[in-house]
Amino acid sequence: MRRYSQLLLATLTILLLAALVIFLEIPERTRFWFELFTAGHTLVFGLCALACLWLSQLVARGRIHFRLSHYIIAFFLAVLVGGATEIIQPFVGRDGELSDLYRDMLGAVAFLFLAMTFDRQITWDFRSGKWLRYTVRILAPVLIVLIFWPAIKWGGAYIYRDRQMPVLLDFNSSVMRLFTRVANGRLDIVPAPVDWPAAPPKVAMLTLYAGVYPGLTLKELSPDWSRYRELTFALFSARTDTLVMEFRVNDRHHNEKYNDRFNTILKVTPGLNQLVFPLDRISKTASGRFMDLTDMGTIVLFAHRPTDSLSLYLSSIRLQ
């Protein structure tokens, strides 16, 4: 391949990789895809750094004789491209983030150091050179795997989650608790109250603080509920008064309006409250739309502006 053709190919490779970061959309707004695309910055700019290395060697052929200079040039070129993508992204409806630039730099460093260990024009015949060379060959791939670990973790969590059906959420599972979020409160795994008949050994205690809509949100649960008839769980209150809670469910097509989801008021009396919700009732929204039971999204249990802190116990949430 002629030198000018190689120059064009190297330049187009850099531009293509930058375009992927700027324009490629996440297929789904889930934690897995978010973490995968976040980690993807490291991979993309590692490859971009190698393309920049190739470009430096083509442009400066015969002018730069110190081999490491090409690697230094490649690193700074990759950082410039990474910085440019973060500046451009807000203009195309994306978020430019400094943390992404750090990942770009990390990918460039890892790939360039790895490339150096295979570069025959770089000698490693100094003291501990051989040891350092093979250490880099081991650590660079390990670093890439660590960058992708959050995406790997979430991918495994989805597999585990789907295998637990018809249990939507078991609070005793640390994996399943990844799908919980608490606003203005806390969630603790505790022994079941002694007055809870036939209770499991451990339950969740949800403590909500005074404020605006404190509650528990369950997101990205197993989405296909179409083979089941009811959603059920239990609440236990150790208080002597009746608690008023709000409960909502929506699918992933929800338009964020009140009448486009299932909403109900729960009066939690002292002791055990066994709750059963028919899915045909849940699926019909106030707007008349029927939710997609094959693509369910979120469950929320919350209090409406409590004036003091309150606590209640929850069982696992399941379909039947």
Side-chain angles (χ1 to χ4, degrees), residues 26-43 99 103 142-193 196 198-208 214-228 230-236 247-252 254 274-277 279 282 292-302 311-320:
I26 299 177
E28 292 183 301
R29 296 292 174 178
T30 64
R31 282 299 300 268
F32 169 73
W33 282 108
F34 172 79
E35 297 292 354
L36 185 63
F37 267 57
T38 298
H41 275 263
T42 305
L43 179 61
S99 59
R103 295 184 185 93
V142 169
L143 178 62
I144 300 301
V145 172
L146 290 176
I147 293 296
F148 277 88
W149 177 246
I152 295 170
K153 179 187 74 173
W154 276 97
Y158 289 146
I159 294 171
Y160 179 88
R161 172 203 72 181
D162 292 339
R163 287 181 175 176
Q164 303 310 302
M165 287 289 278
V167 176
L168 286 176
L169 187 67
D170 181 357
F171 291 106
N172 291 308
S173 167
S174 60
V175 176
M176 298 290 267
R177 289 200 300 274
L178 289 172
F179 300 98
T180 64
R181 298 289 182 274
V182 180
N184 196 21
R186 58 181 294 172
L187 188 72
D188 298 294
I189 306 305
V190 298
W196 187 331
K202 298 285 186 179
V203 295
M205 183 175 73
L206 177 64
T207 301
L208 302 178
L216 172 67
T217 299
L218 314 176
K219 296 191 70 174
E220 299 185 38
L221 303 176
S222 193
D224 189 355
W225 302 5
S226 60
R227 294 178 294 168
Y228 304 95
E230 297 171 332
L231 171 70
T232 179
F233 62 98
L235 295 175
F236 186 96
F247 181 67
R248 54 166 280 197
V249 183
N250 60 265
D251 63 1
R252 294 204 296 173
H254 178 44
Q274 189 67 51
L275 303 170
V276 179
F277 301 94
L279 291 186
I282 286 178
D292 183 356
L293 289 176
T294 66
D295 197 18
M296 299 301 289
T298 306
I299 294 174
V300 185
L301 177 67
F302 64 99
S311 296
L312 66 162
Y313 300 88
L314 291 79
S315 70
S316 60
I317 301 173
R318 61 185 300 128
L319 300 168
Q320 58 187 25

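Sequential numbering from 1 along the given sequence is applied to the chain's residues. Quantities reported herein were computed from a predicted structural model and do not represent experimental measurements.
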Residues L275, T232; criterion side-chain contact (heavy atoms from CB on, under 4.5 Å); working and verdict: CA-CA 6 Å; L275 303 170; T232 179; 5.9 Å; no

Go through the steps to decide whether L314 and F236 satisfy the test side-chain contact (heavy atoms from CB on, under 4.5 Å), and finish with yes or no. CA-CA 7 Å; L314 291 79; F236 186 96; over 6 Å; no

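- Contact of the F34 side chain with the T30 side chain is not registered, since no non-hydrogen atoms from C-beta on lie closer than 4.5 Å.
- Side-chain contact between Q320 and P166: absent, with no pair of heavy atoms (C-beta onward) separated by less than 4.5 Å.
- Distance check: D295 CG to H254 NE2 gives 13.5 Å after rounding to the nearest 0.5 Å.
- Separating the NE2 atom in H41 from the OG atom in S99 is a distance of 8.0 Å, to the nearest 0.5 Å.
- From R248, atom CZ reaches atom CD1 of I299 across 11.0 Å, with rounding to the nearest 0.5 Å.
- For T180 (side chain) and R177 (main-chain N/O), a donor-acceptor pair under 3.5 Å exists by modelled atom type.
- Annotation: the span from R181 atom CZ to L187 atom CG amounts to 11.5 Å, rounded to 0.5 Å.
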Verdict with reasoning, T207 to S311, per side chain to side chain donor-acceptor pair (under 3.5 Å): CA-CA 4 Å; T207 301; S311 296; 3.0 Å; yes

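- A pairwise comparison of heavy atoms in A234 and W196 identifies CB-CZ2, 3.8 Å as the closest pair.
- D292 and D251 get closest at one heavy-atom pair: N-OD2, 2.9 Å.
- For the residue pair P193 and V203, the shortest heavy atom distance occurs at CD-CG2, 4.3 Å.
- Looking at heavy atoms from C-beta onward, T217 lies in side-chain contact with T298 at the 4.5 angstrom threshold.
- Across all non-hydrogen atoms, the minimal contact from E220 to R161 is O-NH1, 2.6 Å.
- Y158 places a side-chain heavy atom less than 4.5 Å from the side chain of R31.
- Looking at L36 and F148, their side chains come closer than 4.5 Å, going by heavy atoms from C-beta outward.
- Aromatic pair F247/F302: ring centres not closer than 6.0 Å.
- Under the 3.5 Å distance criterion, with hydrogens and angles disregarded, a donor-acceptor pair is assigned to the side chains of D162 and S222.
- The backbone N or O of W154 sits nowhere less than 3.5 Å from a side-chain atom of E35 that would complete a donor-acceptor pair.
- Checked by atom type and distance alone, the side chain of R227 never pairs as donor or acceptor with a backbone atom of D224 at under 3.5 Å.
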Please evaluate residues W225 and L168 with respect to the criterion side-chain contact (heavy atoms from CB on, under 4.5 Å), reporting the C-alpha separation (whole Å), side-chain torsions for both, the decisive distance (0.1 Å), and the verdict. CA-CA 10 Å; W225 302 5; L168 286 176; 3.5 Å; yes

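- Taking the centre of each ring, F171 and Y313 stay at or above the 6.0 Å mark.
- Here R318 contributes atom CZ and Y228 contributes atom OH; the two are 9.0 Å apart, rounded to the nearest 0.5 Å.
- In the displayed structure, R186 atom CZ is contacted under 6.0 Å by at most 12 heavy atoms of other residues, nucleotides or ligands.
- The two residues G297 and R252 make their nearest non-hydrogen contact at CA-CG, 3.6 Å.
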Applying side-chain contact (heavy atoms from CB on, under 4.5 Å), run through V300 and L216 and close with a yes or a no. CA-CA 6 Å; V300 185; L216 172 67; over 6 Å; no

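- Going from atom CG of D170 over to atom CD1 of I317 covers 10.5 Å, rounded to the nearest 0.5 Å.
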